[in-house]
Amino acid sequence: MAKSKPQHGHQNGKRPGVKSAAVTPVRRHGGRKVISFEDKQDAGSHDSDSEIVDHISKQEIQTRAMRLLKVRESLPVFQNKEKIMAHIKANPVTVLIGETGSGKSTQIPQFLMDEIMSIHKGAIAVTQPRRVAAINLATRVAQEHGCRLGHEVGYSVRFDNKSHKTRTKLKYLTDGMLIRELMLDRNLSNYKCIIIDEAHERTILTDLILGFLKELQTTKRKDLKVIVMSATLQADLFSKFFSNAPILFVEGRKFTVDRFYLPRPCEDIVDSVVRCAIQLNSSETTGDVLCFLPGQEEIDKAVAILNKVVPYLDESVPRVVAYPLYAALPPKEQAKVFDPVKGFKRKIVLATNIAETSVTIPGVKYVVDCGLRKVKVWRHQLGLATLLTVPVSKASVSQRAGRAGRESAGKCFRLFTESDYQQLPKQSESEITRCEITSPILMLKQYGVQDVVNWSWLEHPGKEAIVSGLKELYELGALNEQGRITEKGRKMALLPLAPHLSTVLINAHDTHVLPYVIDIVSCLTVENLVLNPLPEERDEVNERRRALCTLGSKHGDLIMLKELFDMYQALKSNVERQEWCKQLCVSQRGFKNVIKVREQLTGYMKRLYNQSEPQQTQGKSGLRKEDEEDANSQLLQPPDIPGVLKCFLYGFVKNTAIGMPDKSFRTTPTGEPISVHPSSMLFISGSSTGDDNSTGPCPAILYIEHVFTTKGYARSVSRIELAWLQEIASGVLKQSSR
DNA sequence: GAGCACTGC
């Protein structure tokens, strides 16, 4: 339910799109529901008809576009149209600093559509790091342009494509989707112009796209226009990368936010956040409060304290209502932050970084920022991730402050000193330098890049990271000894999975346990599927899960996921499913995604191994039924659990640990201690009276993730036998020495 | 006895 507010905006006087919409034949377009678009800042344009866009007449579409034109003309970007367009026309690459509220994401693509596309053939792509943003922007721009969504203006995100191959001239897509398009058509021959929005966020995928575009522009696509949209702080980096491309600045329309610092550093951030919130509740007039804390633990603590304090507050101050907000929270709980509070009340939202970019909460006038965040850092030499609490960057701090000035002037309270602020890094460490990069390297190899170390990286991830990535891919059989991509590697690159999980699927296909394994892999790729129960419900929920998942309690989390998924699917009604999900503290939305992922993976696997079959453009059709039957017939037989777990072992040989006599585990690659994460089925609780006599202690474990927090934890853990480890580890060794 | 945030033909 993450809601992201898109750049609001609107534009130009010519509107040839309206004309073309009227003359082009109407194409049947699925008739699916169109996601409604709300933008509170465009008061006055009562386009409540947005959700029935598919049914309203052309006349109405055009009338609305006319109405929106007025709002568009008032945007800062619109007033600088001539200047901006002159730059874009004169340069192959333009870096555009467009502040929030400038209308850059909605208007500039439309200027281009009008001015450039009328002469040339080809389309414009606008990339976004998040799905919701791509969908919302496309919906808005289609309205402004006076066309139906999916005709001249459309979008393409995973599982949802509202664009037409030839007809769509402006397409909003996630950066992952554009990477996929690059893999299929290395020259991006369909496009005349690529706009990379939110480039300053520096996601791995945006970084990769910029590298590909630079290379393309100097080789096969000298005519390709590139526009990089960024926040101020990163603009220089992009300009330098594209041989000193001009930087344009368009100011936004945000409100001023006053900043306050602490005179001296605070000791306990939770305590300080609560104090600050309570204090401003009594000193400030209307407006809600958004507090940034690093993680769930701190947030739950703060909410608990606030709830205790609230009854004792003076009656003259607004009643405080505290809401937690983090990704692992059940969607229903998350949605509560959008409820307006009635009466003499004030909303205080305590959130992680999720509220920095992904979720915009209406009504926020005050921001309390503890200045910390949690970040996962990959250690290449150790092959594990560490979860660290670190100070945020200046860029982050200003982004967070900006959350207070979306609707009116606001205030931001920083729980650190001004001199601490001066010492913050300008920018957070980019993803590409702190993450595992096996998948990006495989993409480069699939694209045809031989020398990955000397590729046109926007920021070089470091030789060490690349070497360990190459080694990993070689061990998975994706690369040969010369570092060239293998047939298997090509298959892996085409699957929308981490290379390790692709290996698992390919193996499952070869050993005929694919339907079973595909279900598990689908569950693993969906984030926040199995949620963390609240402390007071924890034991009950664990007990329920254990009682229902008999195989999972014995074999571990992978098998549990399969059991849960089967149970979920066997439920008849939505009401039943809802209740069941609540009882087990699992996400229904998550399972809906699992079904989508499974469908997609099943389709890809089918295509990978059925080359003779004609390629289906829109997936689906006929393929599914058969596979469901496969899966069902598999259900009837006792599943080959060793066979299933061995498939996973092929992708995760390095993620194994051997059980010691004292019931602790030591990892196989380095022998360091590792503990089963408490969220795992195989976590042995102290009070357990142990009916696990039947199975005995685990001789060895296999885990999908190794994360170091207070100590090394194995997550998504399965019980394996030592013999399997010997069998597969030696097999893998043989394969890599070939 | 513990869980930053995104995303894919």
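Convention: sequence-line order gives letters A, B, ...; per-chain numbering from 1.
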Query - Distance in Å, A:Asp197 CG paired with A:Leu173 CG, rounded so as to fall on 0.5 Å steps - result: 11.5 Å

Query raised in the report: When you measure from every atom of DNA chain B, which of residues 174-184 of chain A have a heavy atom less than 4.0 Å away?
Result: A:Thr174, A:Gly176, A:Met177, A:Arg180, A:Leu184

Report summary line: Quick note, A:His677 side chain, CB onward, closest among B:dA2, B:dC4, B:dG8 is B:dA2

Report summary line: Assert: residue with more 5' nearest nucleotide on DNA chain B, out of A:Arg373 and A:Pro129, is A:Arg373

Report summary line: Quick note, A:Lys374 side chain, CB onward, closest among B:dC4, B:dC6, B:dC9 is B:dC4

Query raised in the report: At under 4.0 Å, does any side-chain N or O of A:Thr352 touch on OP1 or OP2 of B:dC4?
Result: no

Requested in this report: Select base, sugar-phosphate, or nothing to describe what A:Asn542 touches, counting heavy atoms under 4.0 Å on all strands.
Outcome: base

Query raised in the report: Under 4.0 angstrom, heavy atoms only, what part of the nucleic acid is A:Arg538 near: base, sugar-phosphate, or nothing?
Result: base

Report summary line: Considering only heavy side-chain atoms of A:Ile354, the closest of B:dG1, B:dA5, B:dG3 is B:dA5

Query raised in the report: For A:Asn353 and B:dA5, what is the distance between atoms CG and C1' respectively, to the nearest whole Å?
Result: 7 Å

Report summary line: Comparing A:Tyr604 with A:Ala327, nearest DNA chain B nucleotide closer to 5' gives the residue A:Ala327

Requested in this report: Under 4.0 Å between any heavy atoms, over every strand shown, what does A:Leu531 touch: base, sugar-phosphate, or nothing? Just pick one.
Outcome: nothing

Requested in this report: Looking only at side-chain atoms of A:Leu387, point me to the closest of B:dC4, B:dG8, B:dA5.
Outcome: B:dC4

Requested in this report: Look at A:Tyr713 and B:dA2 and indicate whether a side-chain polar atom (N or O) is within less than 4.0 Å of OP1 or OP2.
Outcome: yes

Query raised in the report: Looking at residues at least two apart in the chain, or sitting in another chain, which of them share a ring pair (Phe, Tyr, Trp, His ring centres under 6.0 Å) with A:Phe238?
Result: none

Query raised in the report: Given atom CD of A:Glu333 and atom P of B:dG3, what is their separation to the nearest angstrom?
Result: 21 Å

**Report entry** Rounded interatomic separation in angstrom, taking CG from A:Leu325 and C1' from B:dG3
**Finding:** 15 Å

Query raised in the report: Base, sugar-phosphate, or nothing: which does A:Ile204 touch, judged by heavy atoms less than 4.0 Å apart?
Result: nothing

Report task. Check the distance between B:dT7's P and A:Ile135's CD1 and give it to me in whole angstrom. Result -> 10 Å

Report task. Check A:Thr174, A:Thr139, A:Asn161, A:Asp160 against A:Tyr155 for a side chain to side chain donor-acceptor pair (under 3.5 Å) and give me the one that passes. Result -> A:Asp160

Query raised in the report: What nucleotide among B:dC4, B:dA2, B:dG8 has an atom nearest to a side-chain atom of A:Thr710?
Result: B:dA2

Query raised in the report: Between A:Lys336 and A:Glu333, is the closest basic N to carboxylate O distance under 4.0 Å?
Result: yes

Requested in this report: Provide, to the nearest angstrom, the distance between the CZ atom belonging to A:Arg434 and the P atom belonging to B:dC6.
Outcome: 13 Å

Query - Spacing between A:Lys301 atom NZ and B:dG3 atom C1', to the nearest angstrom - result: 15 Å

Query raised in the report: Between B:dA5 atom P and A:Leu372 atom CG, what is the distance in whole Å?
Result: 15 Å

Query raised in the report: Partners of A:Ala395 by side-chain contact (heavy atoms from CB on, under 4.5 Å), sequence neighbours excluded?
Result: A:Leu233, A:Ser393, A:Gln427

Query raised in the report: Under 4.0 Å between a side-chain N or O of A:Thr709 and OP1 or OP2 of B:dG3?
Result: yes

**Report entry** Per A:Glu297 side chain, nearest of listed nucleotides B:dG1, B:dA5, B:dG3
**Finding:** B:dG3

**Report entry** Pairs satisfying side chain to side chain donor-acceptor pair (under 3.5 Å), at least one member in residues 202-212 of chain A, at least two apart
**Finding:** A:Asp175-A:Thr203, A:Asp175-A:Thr206, A:Arg202-A:Asp207, A:Arg202-A:Gln234, A:Arg202-A:Glu459, A:Thr203-A:Thr206

Requested in this report: Provide, to the nearest angstrom, the distance between the CD atom belonging to A:Gln128 and the C1' atom belonging to B:dG8.
Outcome: 16 Å

Enumerate donor-acceptor pairs with a distance under 3.5 Å from any side-chain N or O in residues 180-189 of chain A to protein atoms, sequence neighbours excluded.
residue: A:Arg180; atom: NH1; partner: A:Ala493; partner atom: O; Å: 3.2
residue: A:Arg180; atom: NH1; partner: A:Leu494; partner atom: O; Å: 3.2
residue: A:Arg180; atom: NH2; partner: A:Ala493; partner atom: O; Å: 3.4
residue: A:Glu181; atom: OE1; partner: A:Tyr191; partner atom: OH; Å: 2.6
residue: A:Glu181; atom: OE2; partner: A:Lys171; partner atom: NZ; Å: 3.0
residue: A:Glu181; atom: OE2; partner: A:Tyr191; partner atom: OH; Å: 3.4
residue: A:Asp185; atom: OD1; partner: A:Asn187; partner atom: N; Å: 3.2
residue: A:Asp185; atom: OD1; partner: A:Ser189; partner atom: OG; Å: 3.4
residue: A:Asp185; atom: OD2; partner: A:Ser189; partner atom: N; Å: 2.8
residue: A:Asp185; atom: OD2; partner: A:Ser189; partner atom: OG; Å: 2.7
residue: A:Arg186; atom: NH1; partner: A:Tyr447; partner atom: O; Å: 2.3

Query - Worked verdict on A:Phe652 versus A:Thr503 for side chain to side chain contact (heavy atoms under 4.5 Å, CB included) - result: CA-CA 9 Å; A:Phe652 294 89; A:Thr503 307; over 6 Å; no

Query raised in the report: OP1 or OP2 of B:dG8 less than 4.0 angstrom from a side-chain nitrogen or oxygen of A:Gln600, does that happen here?
Result: no

Query raised in the report: In chain order, what residues pass the side-chain hydrogen bond (donor to acceptor under 3.5 Å, both in side chains) check against A:His500, with sequence neighbours excluded?
Result: A:Glu472

